[in-house]
Amino acid sequence: MPELPEVEAYRRLAERALGRPISSVVLGDPRFLRGPTSPRRLRHILRGASFDVARRRGKLLVLDLGGTPPSTGHRLGIRFGMTGSLLVDGSSGDEELIYSSRRVEKRWERFAVHFADGGSLVVHDPRLLGGVSLDPDEELLGPDATTLTLAQLRGALDTSAAPLKARLMDQARLAGVGNLLADEILWRASLSPQRRAGSLTPAETRRLHRHIRVTLDELSARGGSHLGDLMPARQPGGRCPRDGAALVRSTVGGRTSWWCPRHQG
DNA sequence: ATTGTGGCCTGCCCGC
DNA sequence: TGCGGGCAGGCCACAA
């Protein structure tokens, strides 16, 4: 269920897995391995190596491999899809994240790395919409939303005729904002998700930029992207927490969207 | 190139 | 209680 704040929490959790020699790799479901790499090759690269650095770009977690050839210079990419989660040594690490209840079932373990010290790093994903890949192309992702500059936001919006929300969620142009965060950010910025992305005035773009950064900071501090102010109202019959207007629900950018027709223009 | 759509997957919740 | 439909915080291939 991760968006940027959740993946950042996983990144911190993954730091517990650094510097520990890998003894074995278990691919719980072959469909979970994405890209051209074979399971055999993935094992070959990972076994005996250890993770050096845990990085994140948008919703992609990247673990750099250290050690000697053949693993040197390779990277393991992990995407969590809508239902993925990470466990290191059996701990979800979201003690700090207030998450909806998360069952842990063995059959949902799609990928696991076991360390020589007896611990493990496990990716859990009931729906299989996430995946792991060897050497993912990180350049396919736009600038990370947490450090987004105003100029980068202008570049992401460009002169596009696409709905504003679709551009915000376009990972190639701006990495890390998902459906819930997009609704929350646009609600706070008083901008309609249906606005053409290229139609924002300079003042509106600055406002949006500020709200992207503030919202990410706030929700990360609160413990997750589902803890936004709009979230409780994001359901049938929901009313705008700011002005009480009945929220509108529709599909924008292919995703269910909720917004206030009164103050989001 | 840009934008929109359907599909991938499984689990859950609601109404009948 | 059982069953069907709709829904889900993501992403990718494909079509116009």
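Below, read A as the first sequence line, B as the second, and so on, with proteins coming before strands; counting in each chain starts at 1.
- Following chains of ILVMFWY side-chain contacts shorter than 4.5 Å, one can reach A:L121 starting from A:L65, so the two form part of one hydrophobic cluster.
- The side-chain contact (heavy atoms from CB on, under 4.5 Å) test applied to A:L148 returns A:P143, A:Q152, A:L153, A:L174, A:H209, A:I212, not counting sequence neighbours.
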Given protein heavy atoms under 4.0 Å, the one-letter contact record of nucleotides 9-16 of chain B, with B base, S sugar-phosphate only and - none, is simply BBSS----
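- Ionic pairing of A:R222 and A:D229 is present here: one or more N-O contacts between side-chain nitrogen and carboxylate oxygen are shorter than 4.0 angstrom.
- The existence of a salt bridge linking A:E15 and A:R12 is excluded, since no basic side-chain nitrogen approaches an acidic carboxylate oxygen closer than 4.0 Å.
- Atom CZ of A:R255 is separated from atom P of B:dG6 by 15 Å (rounded to the nearest Å).
- Cluster membership check: A:L164 does not share its hydrophobic cluster with A:W259, using side-chain heavy-atom separations under 4.5 Å among Ile, Leu, Val, Met, Phe, Trp and Tyr.
- More than 12 heavy atoms of other shown residues, nucleotides or ligands fall within 6.0 angstrom of atom NE2 in A:H263.
- Rounded to an integer number of Å, the gap from A:L140 CG to C:dC12 C1' is 12 Å.
- Between A:R34 atom CZ and B:dC8 atom P the separation is 13 Å, expressed in whole Å.
- Using a 4.0 Å heavy-atom cutoff across all strands shown, A:A161 reaches sugar-phosphate atoms only and no base atom.
- With rounding to whole Å, A:L61 atom CG is found 16 Å from C:dG10 atom C1'.
- B:dT3 atom P lies 14 Å from atom CE of A:M169, rounded to whole Å.
- Comparing the same atom, P, in C:dC14 and in B:dC9 gives a spacing of 14 Å after rounding to whole Å.
- Here A:G178 lies in heavy-atom contact (under 4.0 Å) with sugar-phosphate atoms only.
- Under the 30°/60° scheme for interplanar angles, the aromatic rings of A:F80 and A:Y10 are found to be tilted.
- Rounding to whole angstrom units, CD of residue A:Q171 and C1' of B:dT3 are separated by 16 Å.
- Between A:D89 and A:R20, the closest side-chain pair of non-hydrogen atoms falls below 4.5 Å.
- Looking at heavy-atom distances under 4.0 Å, A:R79 makes contact with sugar-phosphate atoms alone, never a base.
- Between A:T256 and the phosphate of C:dA8, there is a side-chain N or O to OP1/OP2 separation shorter than 4.0 Å.
- Residues A:R234 and A:L180 are in side-chain contact: their nearest non-hydrogen atoms beyond the backbone lie under 4.5 Å apart.
- Protein atom CG of A:D158 is 14 Å distant from nucleotide atom P of B:dA1, rounded to whole Å.
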Taking Watson-Crick and G-U wobble contacts under 3.5 angstrom, with | marking pairs to another strand and [ ] crossing pairs, the secondary structure of DNA chain C is written .|||||||.|||||||
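- Between A:D29 atom CG and B:dC8 atom P there is a gap of 15 Å when expressed in whole angstrom units.
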